[in-house]
*Asks:* 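First, the structure itself, so that you have it in front of you.
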Amino acid sequence: MARAVPNSRKAINTAVAGTLGFIIFFPILWILILSFKTEGDAIKAPLQVLFSTGWTTESFGAVQERSDYFKHFTNSVVLALGSTILGLLVAVPAAWAMAFVPAKHTKNVLMWMLSTKMLPPVGVLVPIYLIFRDVGLLDTRTGLVIVLMLMNLPIIVWMLYTYFREIPGEILEAARMDGASLREEVIYVLTPMAIPGIASTVLLNIILAWNEAFWTLNLTASNAAPLTAFIASYSSPEGLFYAKLSAASVMAIAPILIMGWFSQKQLVRGLTFGAVK
Amino acid sequence: MATKASRSAARLMISPAVVLLLGWMLIPLCMTVYFSFLRFNLLNPGDNPFVGWENYRWFVTDPSFSAAMINTLVLVGGVLLITTIGGIMFALLLDQPMWGQGLIRIMVIAPFFVMPTVGALVWKNMFMNPVNGIFGHIAQSLGAAPIDFFSSIPLLSIVLIVSWQWLPFATLILLTAFQSLDQEQLEAAEMDGASWFNRFWYIMLPHLARAITVVILIQTIFLLSIFAEILVTTNGGPGVATTNLTYLIYVSSLLQYDVGMGSAGGVIAIILANIVAIFLMRMIGKNLDA
């Protein structure tokens with residue numbers, strides 16, 4: 001039972017945490033404001049920017065025109081969804097088997113899968129680059145979907161495994177006793193219970209794939225470049241157009257920011273491999 | 001319950017994942033090790049003779065290697081220091097009773113979902129630019145000379161940017177750990193007259209120890225591979241002032257086309273990451289038994 005906390009203390013807590021939270025969040029808020037300003041206003045001093053009256057959406061149109069935002073957006077969507085779906089196809093059976101038919105080596109296999117995630121990508125940059133060059137996968141969406149799927153596969157398997165393990169085996173046994181076939185068992189009993197876990201896994205995996213910025217930068221040039229690479233092209237001096245950079249940034253992070261806010265809990269579970277509960 | 005048939009079915013279901021990951025890990029790994037013993041530059045086609053440890057010798061004795069190692073240490077260490085201490089403080093704060101906790105939490109966590117290239121470019125231009133950035137404007141209005149972040153304190157600037165990205169992660173995990181702390185234990189200690197500091201030091205911190213270790217280990221794995229933030233802000237410069245090991249390997253393999261040298265660097269990076277990974281895996285394994 002929590003004790004009653006005086007309102008004055010609550011107010012102080014709120015003020016301190018609110019201020020610090022605002023400071024942490026400020027850069028994101030700031031680009032949101034700048035993205036609706038003209039280039040001339042965007043480089044003024046912060047207070048002048050705030051009180052300048054010209055609000056405009058012209059930067060968003062300019063970004064699309066200058067560097068074809070939608071092409072890169074589509075690439076990001078294809079890479080994130082493609083790698084996630086492909087990953088699920090491989091990971092769901094594996095995690096299902098590990099959770100419901102545990103064998104002597106299940107734990108070791110799982111641990112080994114996680115350990116592949118610790119391999120620094122730069123350690124295999126050269127071979128992957130050369131293989132991709134030789135089989136013509138450089139700067140293709142297919143190639144990146146495969147790489148991103150493999151990168152996140154250990155996390156997908158791990159998360160699904162922990163969710164599946166929470167499904168009580170007795171329910172499956174009861175279904176079997178009642179004469180359900182394996183197919184019926186999977187469709188009517190297992191799937192409904194597994195859907196929340198799968199949904200969380202999908203969410204986290206989309207976030208990770210969307211923001212991945214090592215392979216996407218090194219294996220693409222233009223055709224398959226997702227938003228990470230699209231933004232990187234603004235690092236040249238011409239990127240000093242603040243309003244356009246802001247508009248491009250807002251469009252690149254908005255979808256995932258919203259998804260991310262819904263997935264805080266899963267984030268802890270997925271990224272600590274269950275080591276923090 | 002597990003019959004022989006279901007055992008073999010299970011093995012069949014696991015095998016695609018195992019085979020894929022094995023291929024993804026072993027084939028490139030073996031190639032990296034193999035390349036690291038060859039004189040192999042994409043600019044000089046022809047046969048690639050076996051040269052033994054020559055690539056390693058060149059890579060390690062190059063002055064940019066020691067610079068990159070120091071930069072990697074400073075980058076990882078600096079970010080860990082800021083995010084761990086900051087994360088503990090934020091988690092403590094967010095665990096207190098307050099209004100609008102959900103909203104504040106969302107604001108604190110937001111940077112983690114910002115893609116690395118966006119985060120780095122926004123800080124570089126909108127904040128750290130000496131002429132038009134916010135820090136520059138603030139310095140001017142105070143009558144001070146604005147700091148040119150990326151030429152006077154380049155590495156520290158990157159440490160700050162990366163810390164901003166990872167502070168939410170540390171906060172979120174430490175907050176989760178805080179919330180599993182037994183409140184009655186704290187209240188009992190308070191009734192027995194333990195001061196706030198003593199409660200923090202003898203009850204909260206030991207409870208957090210495990211989560212802190214996990215935060216440090218996982219972040220280290222990711223921070224060793226920092227790349228995009230450097231690429232879009234400094235390109236490793238000025239000179240090699242912000243080149244970490246990952247960036248150095250990128251430069252030798254994809255910019256100088258020196259496959260042999262880049263591979264030797266890659267092997268060194270793998271060994272380094274493995275030292276950290278061993279400790280992390282041990283902790284995960286322990287939890288898996290429980």
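Below, chains carry the letters A, B, ... as their sequence lines are ordered, and counting in each starts from 1. As the structure is a computational prediction, the values presented were derived from the model and not from experiment.
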*Asks:* Are more than 12 heavy atoms, taken from residues, nucleotides or ligands other than Tyr257(B), located less than 6.0 Å from that residue's OH atom?
*Replies:* no
*Asks:* Using non-hydrogen atoms and a 4.5 Å limit, figure out which bit of Leu20(A) sits close to chain B: side chain, backbone, both or neither.
*Replies:* both
*Asks:* With a cut-off of 6.0 Å (strictly less than), are more than 12 heavy atoms of other residues, nucleotides or ligands near CZ of Phe135(B)?
*Replies:* yes
*Asks:* For Leu217(A), is it the side chain, the backbone, both or neither that has a heavy atom under 4.5 Å from a heavy atom of chain B?
*Replies:* side chain
*Asks:* Check each atom of Ile221(B) against the heavy atoms of chain A and say whether the ones under 4.5 Å are side chain, backbone, both or neither.
*Replies:* side chain
*Asks:* Please classify the contact between Leu29(A) and chain B as side chain, backbone, both or neither, with a heavy-atom cut-off of under 4.5 Å.
*Replies:* neither
*Asks:* Considering all heavy atoms of both residues, which atom of Leu153(A) and which atom of Gly87(A) are nearest to each other, and what is their separation?
*Replies:* CD1-O, 3.8 Å
*Asks:* Under a 4.5 Å heavy-atom cut-off, does chain A meet the side chain of Leu167(B), its backbone, both or neither?
*Replies:* side chain
*Asks:* With chain B as the partner, which of Leu34(A), Val109(A), Val126(A), Thr106(A) has the greatest number of non-hydrogen pairs under 4.5 Å?
*Replies:* Val126(A)
*Asks:* Taking side chain as everything from C-beta outward and backbone as N, CA, C, O, which of these in Leu130(A) sits under 4.5 Å from a heavy atom of chain B? Side chain, backbone, both or neither.
*Replies:* side chain
*Asks:* Who among Met259(A), Met98(A), Met113(A), Lys117(A) has the most heavy-atom pairs with chain B under 4.5 Å?
*Replies:* Met113(A)
*Asks:* Quick check: Phe112(B) with Trp166(B) (ring centres under 6.0 Å apart)?
*Replies:* yes
*Asks:* Among Ala254(A), Gly21(A), Ala91(A), Ser246(A), which residue forms the greatest number of heavy-atom pairs with chain B at distances under 4.5 Å?
*Replies:* Gly21(A)
*Asks:* Is it the case that the side chains of Gln219(B) and Thr83(B) hold a donor-acceptor pair, with the cut-off being a distance below 3.5 Å and no angle test?
*Replies:* yes
*Asks:* Heavy-atom cut-off 4.5 Å, strictly under: side chain, backbone, both or neither for Ile218(B) against chain A?
*Replies:* side chain
*Asks:* If I measure from the heavy atoms of chain A, does Leu254(B) come under 4.5 Å with its side chain, its backbone, both, or neither?
*Replies:* side chain
*Asks:* Ignoring hydrogens, what is the shortest heavy-atom contact between Val108(B) and Pro111(B)? Give both atom names and the distance.
*Replies:* O-CD, 3.3 Å
*Asks:* Examine whether an atom of Phe169(B) lies under 4.5 Å from a heavy atom of chain A, and if so say whether it belongs to the side chain, the backbone or both; otherwise answer neither.
*Replies:* side chain
*Asks:* Can you tell which of Ala97(A), Ala213(A), Pro27(A) has the highest number of heavy-atom pairs within less than 4.5 Å of chain B?
*Replies:* Pro27(A)
*Asks:* Work out which heavy atom in Leu224(B) is nearest to a heavy atom in Ala273(B); give both atom names and the distance.
*Replies:* CD1-CA, 3.9 Å
*Asks:* Any idea which heavy atoms bring Leu93(B) and Ala17(A) closest together, and the distance?
*Replies:* CD2-CA, 3.6 Å
*Asks:* Could you look at Leu119(A) and say if it's the side chain, the backbone, both or neither that has a heavy atom under 4.5 Å from chain B?
*Replies:* side chain
*Asks:* Looking at Gly266(B), Ala9(B), Pro28(B), Ser141(B), which has the largest count of heavy-atom pairs under 4.5 Å with chain A?
*Replies:* Pro28(B)
*Asks:* Given the options Ile28(A), Val16(A), Ile12(A), Ile207(A), which has more heavy-atom pairs under 4.5 Å with chain B than any of the others?
*Replies:* Ile28(A)
*Asks:* Using side chain to side chain contact (heavy atoms under 4.5 Å, CB included) as the criterion, point out the one residue from Leu88(A), Leu204(A), Val92(A), Val90(A) that pairs with Ile156(A).
*Replies:* Leu88(A)
*Asks:* Examine the side chains of Thr228(A) and His72(A) and answer whether a donor and an acceptor come within less than 3.5 Å of each other.
*Replies:* no
*Asks:* Taking 4.5 Å as the heavy-atom cut-off, does anything in residues 11-18 of chain B contact chain A, and if so which residues?
*Replies:* Met13(B), Ile14(B), Pro16(B), Ala17(B), Val18(B)
*Asks:* Quick check on Leu257(A) against chain B: is it the side chain, the backbone, both or neither that has a heavy atom closer than 4.5 Å?
*Replies:* both
*Asks:* Side chain, backbone, both or neither: which part of Asn7(A) has an atom under 4.5 Å from a heavy atom of chain B?
*Replies:* both
*Asks:* Parallel, tilted or perpendicular: which describes the rings of Phe26(A) and Phe22(A), with under 30° parallel and over 60° perpendicular?
*Replies:* tilted
*Asks:* Please look at Phe40(B) and chain A and tell me whether the side chain, the backbone, both or neither of the residue comes under 4.5 angstrom of a heavy atom of that chain.
*Replies:* side chain
*Asks:* Could you look at Ile231(A) and say if it's the side chain, the backbone, both or neither that has a heavy atom under 4.5 Å from chain B?
*Replies:* both
*Asks:* Hey, can you tell me if Phe25(A) and Trp261(A) have their rings parallel, tilted or perpendicular (30° and 60° cut-offs)?
*Replies:* tilted
*Asks:* Could you have a look at Gln140(B), Gln183(B), Gln96(B) and say which one has the most heavy-atom pairs with chain A under 4.5 angstrom?
*Replies:* Gln96(B)
*Asks:* So what's closer than 4.5 Å to chain A heavy atoms on Trp99(B): side chain, backbone, both or neither?
*Replies:* both
*Asks:* Go through the atoms of Ala15(A) and report whether side chain, backbone, both or neither lie under 4.5 Å from a heavy atom of chain B.
*Replies:* neither
*Asks:* Decide if the gap between the ring center of Tyr247(B) and the ring center of Tyr250(B) is smaller than 6.0 angstrom.
*Replies:* yes
